[in-house]
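What follows is a short report on a single structure.
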Amino acid sequence: MIRDIPLRIRPAIILGAVFALVSALAVGLSPTARAATCTNGYVGLTYDDGPTPGNTQNLLAALQQNGLRATFFDIGQNAQANPSLVTAVKNANMWIGNHSWTHPHLIQLSQAQIQSELSMTQNTLTQITGTAPKLFRPPFGETNATLKSVEASLGLTEIIWDVDSQDWNGASTAQIVQRAGGLTNGQIILMHDWPANTVAAVPQIASMLASRNVCPGMISPTTGRAVAPDGTPTDTQAPSAPANLAASGTTQTSTNLSWTASTDNVAVTGYDILRATGATGGTFTQVGTSTTTSFTSTGLTANTVYRFQVRARDAAGNVSAVSNTAQITTQGGGTGDTQAPTTPSGLAASGTTQTGTSLAWTASTDNVGVTGYDVLQAQGATGGTFTQVGTSTTTSFSVTGLTANTTYRFQVRARDAAGNVSAVSNTAQITTQGGGTSGACSATPTVQTQWATGYVINPLTITNTSTSTINSWTVTFTLPAGHSLSGSWNATVTTSGQNVTVKSVSFNGTLAPGASTGSFGFQVNRPNGDTQMPTAYACTTP
């Protein structure tokens, strides 16, 4: 489905808006808004596609009556036809951004055409409001290097979104409010100027934000995130330093850290764990993060001294001073054993797919005993660095998470209980199967943009790999654990757990031999900092 609906298919439901135009220029806050505090930060409420005669007035009235401010991304030709509505938005103390002149698929246009779409809108909005917009939202969330270059030339900052309200897709008022309830500090929600349900959701969104001590803010042209409105004091106070850092349960390769929680004038959002090798000297580097007051540090070397420190962070990015230093010495690797295992041999790969392969090798020997094997991986037929991707206590290992149609090299080394490590084995080289090819079509994903808690795959290019025309296609892929689909466009999408099935629609299912379509894409929410991407893309032509 399309996230950001063109003018030609907006539903007539606009005409059914039932909100009375009361106090359209009122400036008083509702009791809910007056009671709200901003201790949990700011979020960006955004409304696309306006101004819309008959509905923009209702939306403004609802926002003002509930003490909310928002950013309106206006379409240039709509603004030109309705300058009084643009002025009303400005006078209501809202922010106004550029949303192109005609709402086209900009990435399908030439640079000159893109320049015209953006500059015409920029000039019109500047003439009406007296202020040049600083923010730009690309229609459909589609962007590329050419578009970004034009944006930069006009002094515009590109703004996507973290949460899609789905109001363009017929979402109910309750569903819009529920999705807005997932916003956290700095995040932005996509809504639209024209649906009646979106207007009806405003009072409930105001109440929900107030109950969570979250406030609607402006979108920073510098960071592209929601921040306190101009003139509102921002959070510059760092959390207190964590205290009483201590280590316990130290083994040859790990230790458990715990500390006393920091405090903050707003809220502590997490802790950075720092580590240095040796009792003195060296540099403390970050080796992990935690949202609790404990952390297990792994991958340590036996019979080695380490020092640890912890620092706290808040939602505004303020960082505390470091905690006290906790020093540990990992357990020794056995008594007097300094002999390394023999080198593993006969490493070979089999059963290679688009995303994985199976490794097997001949066992090493040791004067005491082999305790396990490290599996190392490098990308490409030459060069690159071998990094550890797993361990095994047997002479086999299944590698997962590989990229389709890509060459990888693998090596294995053995370890014993004393921490002695063998030389690496011979190198096994594989090339994964092509990008989702199955039957007569293939699916190739492109990561358009990503941030800490989400990303956009756009386009997911479907190519007819056969010698005859196909009239429909179906793509399947798997989302990583904890990831969830938050929006998609130009296809019929169903999910079952982490498995996603995408079916073509009328205008993009027919492909001549060798032809491709890049009209489908999707957006995903993910846990903060999780950098995994979907896998197992496969395309069929049912």
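A quick note: this is a predicted structure, and the numbers were derived from the prediction, not measured. We number each residue from 1, following the sequence as shown.
- Residues Tyr42 and Ser220 form no side-chain contact, since every pair of their non-hydrogen atoms from C-beta on lies 4.5 Å or further apart.
- Here the closest non-hydrogen pair linking Val43 and Ala226 is C-CB, 3.4 Å.
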* To do: Show your working on side-chain hydrogen bond (donor to acceptor under 3.5 Å, both in side chains) between Ser240 and Thr263 and close with a plain yes or no.
  => CA-CA 5 Å; Ser240 63; Thr263 59; 3.2 Å; yes
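- One N or O on the side chain of Asn508 and one on the backbone of Val505 form a donor-acceptor pair closer than 3.5 Å.
- Lys148 is listed as a side-chain neighbour of Thr143, based on a closest heavy-atom distance under 4.5 Å.
- You'll find the side chain of Leu183 stays beyond 4.5 Å of the side chain of Val214, heavy atoms only.
- The closest donor-acceptor contact from the side chain of Asn40 to the backbone of Arg212 lies under 3.5 Å.
- Taking the salt bridge (Lys or Arg N to Asp or Glu O under 4.0 Å) definition, one finds that Arg179 meets it with nothing, sequence neighbours left out.
- The minimum heavy-atom distance between Thr46 and Leu190, with the atom names listed, is OG1-CA, 3.7 Å.
- For the atom pair CD (Gln65) and CG (Leu60), the distance works out to 10.5 Å, reported to the nearest 0.5 Å.
- Of the possible polar contacts, none joining the Gln204 side chain to the Ala174 backbone as a donor-acceptor pair under 3.5 Å is found.
- With contacts defined as side-chain heavy-atom distances shorter than 4.5 Å, the pair Asp272/Val310 does not qualify.
- Residues Ser100 and Phe136 share a closest heavy-atom pair of N-CE1, 3.8 Å.
- Ser519 and Thr517 are linked by a side-chain donor-acceptor pair at a separation below 3.5 angstrom, with hydrogens and angles left out of the test.
- A donor and an acceptor atom, one from each side chain of Trp489 and Asn458, are located under 3.5 Å apart.
- The aromatic rings of His103 and His99 stand perpendicular to each other, their planes meeting at an angle above 60°, with 30° marking the opposite boundary.
- For the pair Val493 and Phe520, the minimum side-chain heavy-atom distance is below 4.5 Å.
- Atom CG of Asn197 and atom CD of Gln166 lie 13.0 Å apart (nearest 0.5 Å).
- Heavy atoms of other residues, nucleotides or ligands lying less than 6.0 angstrom from NZ of Lys134 number 12 at most.
- Counting heavy atoms from C-beta on, the side chains of Tyr271 and Thr292 never come closer than 4.5 Å.
- Counting only distance, with no hydrogens or angles, the side chain of Asp49 and the backbone of Asp193 share no donor-acceptor pair below 3.5 Å.
- With hydrogens and angles ignored, the 3.5 Å screen pairs a side-chain donor or acceptor of Thr121 with a backbone N or O of Glu117.
- Side chains of Thr465 and Thr463: no donor on one and acceptor on the other come within 3.5 Å.
- Among all heavy-atom pairs drawn from Ser110 and Gln113, the shortest one is N-OE1, 2.9 Å.
- Between the side chain of Asp167 and the main chain of His192, a donor-acceptor pair closer than 3.5 Å is present.
- Looking at Ser496, its side chain never comes within 3.5 Å of a backbone N or O of Asn499 through a donor-acceptor pair.
- The structure places OG of Ser484 at 10.0 Å from CD of Gln523, a figure rounded to the nearest 0.5 Å.
- Atoms CG and CD1, from Leu511 and Ile462 in turn, are 8.5 Å apart once rounded to the nearest 0.5 Å.
- For the pair Arg526 and Met533, the minimum side-chain heavy-atom distance is below 4.5 Å.
- The shortest heavy-atom contact between Ala536 and Thr355 is N-CG2, 3.6 Å.
- Counting non-hydrogen atoms of neighbouring residues, nucleotides and ligands closer than 6.0 angstrom, the CD atom of Gln178 reaches no more than 12 such neighbours.
- Here the side chain of Arg313 pairs no donor or acceptor atom with the backbone of Pro239 at under 3.5 angstrom.
- Looking at Thr126 and Pro133, their side chains come closer than 4.5 Å, going by heavy atoms from C-beta outward.
- Side chain of Ser149 to backbone of Ala145: no donor-acceptor contact under 3.5 angstrom is found.
- Taking every heavy atom of both residues into account, Leu460 and Phe522 meet most closely at CD2-CE2, 4.3 Å.
- A distance-only check finds no donor-acceptor pair linking the side chain of Glu151 to the backbone of Thr157 [under 3.5 Å].
- From Gln77, atom CD reaches atom OG1 of Thr124 across 10.5 Å, with rounding to the nearest 0.5 Å.
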